[in-house]
Amino acid sequence: MGFTIGGTRILSGSRRRGARATECTVVAEYTGLWGWDVVPGARAVSGRCSCGDAACPAPGAHPLGFAPEVPAGSTLDTVTEVWSEFPGAALMLPVGRSFDVLEVAERAGRRALVRLERMGLPLGPVCVTPTGRAQFFVAPGAAAELPGLLYRMGWDDADLDLRCPGAGAHITAPPSYHAGLGPCRWLRPPSLDAGAPPQARLLLGTLAYICHRSGM
């Protein structure tokens, strides 16, 4: 399966990965196929950040403040024009626009994903980071709704290793390296069949339960 950006045929899924797609092609897939904004991000080498700040508090784990954002819907030509100014930049996605993220420990995330799939619940993309975190893409607004949802589900007093970064946060997108530690990877890649990201409430009960059990 594939799609066309700027007159260029782009392969998606395993065929695209097997073709060793360039950075620009991946960015164009994110903007053109999935409708995500993409921001060039810093890279870290030997603990030093490409942003140029010798005292950077998050080497290789933040957007480049001087780089322009590539908006959703951008063509391959537009992506190439922007990204050529920042070769090797990490691909970063802003949270709170097209999606929010429910983040848990990778082990708990893998267990929860198996259970959610067996339950037949709608799921969006899920990626894992080299820091051992699993990030479930959910509908925007989850960060604001999370305290109330946890309260109604009876999990508000539980010590859960569950985070929900809100608007203004960014996540590193596969296949980019995060903090110089290794690449982020899709545990469940984006799919044309998946539709919009699910509401957080559909996944939260299972995620909270698995997190609670993992912490016991």
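This chain uses plain numbering: 1 for the first residue, then up along the sequence. Note: hydrogens, waters and symmetry copies are ignored here, and every other heavy atom, side chains too, is used.
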Check your understanding: Tell me, do Leu207 and Leu160 make a side-chain contact under 4.5 Å, heavy atoms counted?
Key -> no
Review point. Hey, is Arg188 close enough to Glu117 for a salt bridge, meaning N to O under 4.0 Å?
Key: yes
Practice item. Say whether Val126 and Tyr209 are linked into one hydrophobic cluster, either directly or through other cluster members, by side-chain heavy-atom distances under 4.5 angstrom. Key: yes
Review point. Do the side chain of Ser46 and the main chain of Arg48 share a donor and acceptor less than 3.5 angstrom apart?
Key: no
Revision key, fill the gap. Output for pair (Leu149 CG, Trp155 CH2), nearest 0.5 Å, gives 14.0 Å
Review point. For Pro130 and Pro183, which heavy atoms make the closest approach, and how far apart are they?
Key: CD-O, 3.8 Å
Practice item. Compare all side-chain heavy atoms of Val114 with those of Arg110 and state whether any distance is below 4.5 angstrom. Key: no
Exercise for review: Locate the shortest heavy-atom distance separating Gly109 from Ala134; write the atom from each residue and the value.
Suggested key: CA-CB, 4.0 Å
Check your understanding: Looking at Arg133 and Asp161, does any basic side-chain N land under 4.0 Å from a carboxylate oxygen?
Key -> yes
Review point. Quick one: are Cys51 and Leu64 in side-chain contact, heavy atoms under 4.5 Å?
Key: yes
Review point. Can you tell if the side chain of Met153 reaches within under 4.5 Å of the side chain of Arg201, non-hydrogen atoms only?
Key: yes
Check your understanding: Taking the side chain from Asp100 and the backbone from Ala142, do they hold a donor-acceptor pair closer than 3.5 Å?
Key -> yes
Review point. Does a sphere of radius 6.0 Å around CZ in Phe86 hold more than 12 heavy atoms from other residues, nucleotides or ligands, not counting ones at 6.0 Å or beyond?
Key: yes
Exercise for review: For side chain to side chain contact (heavy atoms under 4.5 Å, CB included), just list the numbers for Leu123 and Leu203, CA-CA rounded to whole Å, side-chain angles, deciding distance to a tenth of an Å, and then say yes or no.
Suggested key: CA-CA 8 Å; Leu123 292 167; Leu203 314 186; 3.6 Å; yes
Check your understanding: If you look at every heavy atom in Ala143 and Pro147, which pair is closest and at what distance?
Key -> O-CD, 3.7 Å
Point to revise | Phe99 side, atom CZ; Gln135 side, atom CD - distance, nearest 0.5 Å | key: 9.0 Å
Practice item. Indicate if Leu204 and Leu187 have the same hydrophobic cluster label, given that clusters are the connected sets of ILVMFWY residues with side-chain heavy-atom separations under 4.5 angstrom. Key: yes
Exercise for review: Check for a donor-acceptor pair, side chain of Ser176 on one end and backbone N or O of Leu91 on the other, with a separation under 3.5 Å.
Suggested key: yes
Practice item. Starting from the C-alpha separation in whole Å, work towards a yes-or-no answer on side chain to side chain contact (heavy atoms under 4.5 Å, CB included) for Leu181 and Thr131. Key: CA-CA 8 Å; Leu181 300 174; Thr131 56; 3.6 Å; yes
Check your understanding: What pairs with Arg163 under salt bridge (charged side-chain N to carboxylate O under 4.0 Å, His left out), at least two apart in sequence or on another chain?
Key -> Glu103
Practice item. With the side chain counted from C-beta on, respond yes when Pro125 and Pro189 share a heavy-atom pair under 4.5 Å apart, and no when they do not. Key: no
Check your understanding: So, Glu69 and Arg97, do they make that salt bridge, N to O below 4.0 Å?
Key -> yes
Exercise for review: Show your reasoning for whether side chain to side chain contact (heavy atoms under 4.5 Å, CB included) applies to Val138 and Val101.
Suggested key: CA-CA 6 Å; Val138 294; Val101 168; over 6 Å; no
Study note, to complete from the structure: Closest heavy-atom pair, His178 versus Ala61, reported as atoms and distance to 0.1 Å, is CE1-CB, 3.6 Å
Point to revise | Beyond-backbone contact of Thr78 with Thr75, side-chain heavy atoms, under 4.5 angstrom | key: yes
Point to revise | Trp36 ring center within less than 6.0 Å of Phe137 ring center | key: yes
Practice item. I would like to know whether Tyr30 and Val70 meet side chain to side chain contact (heavy atoms under 4.5 Å, CB included); could you show each step before the answer? Key: CA-CA 10 Å; Tyr30 286 172; Val70 185; over 6 Å; no
Practice item. Would you indicate whether the side-chain heavy atoms of Leu121 and Pro198 approach each other to under 4.5 Å? Key: no
**Study point:** Trp186 with Val38, same ILVMFWY side-chain cluster at under 4.5 Å
**Key:** yes
Review point. So does Glu81 have more than 12 non-hydrogen atoms from other groups sitting under 6.0 Å from CD?
Key: no
Check your understanding: What is the distance from atom OG1 of Thr80 to atom CD of Glu23, rounded to the nearest 0.5 Å?
Key -> 10.5 Å
Practice item. Please report the closest heavy-atom contact between Ala42 and Ser50, naming both atoms and the distance. Key: CA-OG, 3.4 Å
Review point. Taking the side chain from Ser98 and the backbone from Gly35, do they hold a donor-acceptor pair closer than 3.5 Å?
Key: yes
Exercise for review: State plainly whether one hydrophobic cluster holds both Val39 and Leu33, where clusters connect Ile, Leu, Val, Met, Phe, Trp and Tyr through side-chain heavy atoms under 4.5 angstrom apart.
Suggested key: no
**Study point:** Heavy-atom closest pair, residues Trp83 and Cys24
**Key:** CB-SG, 3.8 Å
Check your understanding: Do Val26 and Val82 share a hydrophobic cluster (ILVMFWY, side-chain heavy atoms under 4.5 Å, transitive)?
Key -> yes
Check your understanding: Are the side chains of Thr31 and Val79 in touch, meaning some heavy atoms are under 4.5 Å apart?
Key -> yes
Revision key, fill the gap. CG of Asp53 to NE2 of His62, rounded to nearest 0.5 Å, is 7.5 Å
Check your understanding: How far does CZ of Arg111 sit from CD1 of Ile210, to the nearest 0.5 angstrom?
Key -> 4.5 Å
Check your understanding: Any donor and acceptor pair, going by atom type alone, linking the side chain of Thr206 with main-chain N or O of Leu116 inside 3.5 Å?
Key -> no
Point to revise | Spacing of CG belonging to Leu93 relative to OG1 belonging to Thr172, to within rounding of 0.5 Å | key: 8.5 Å
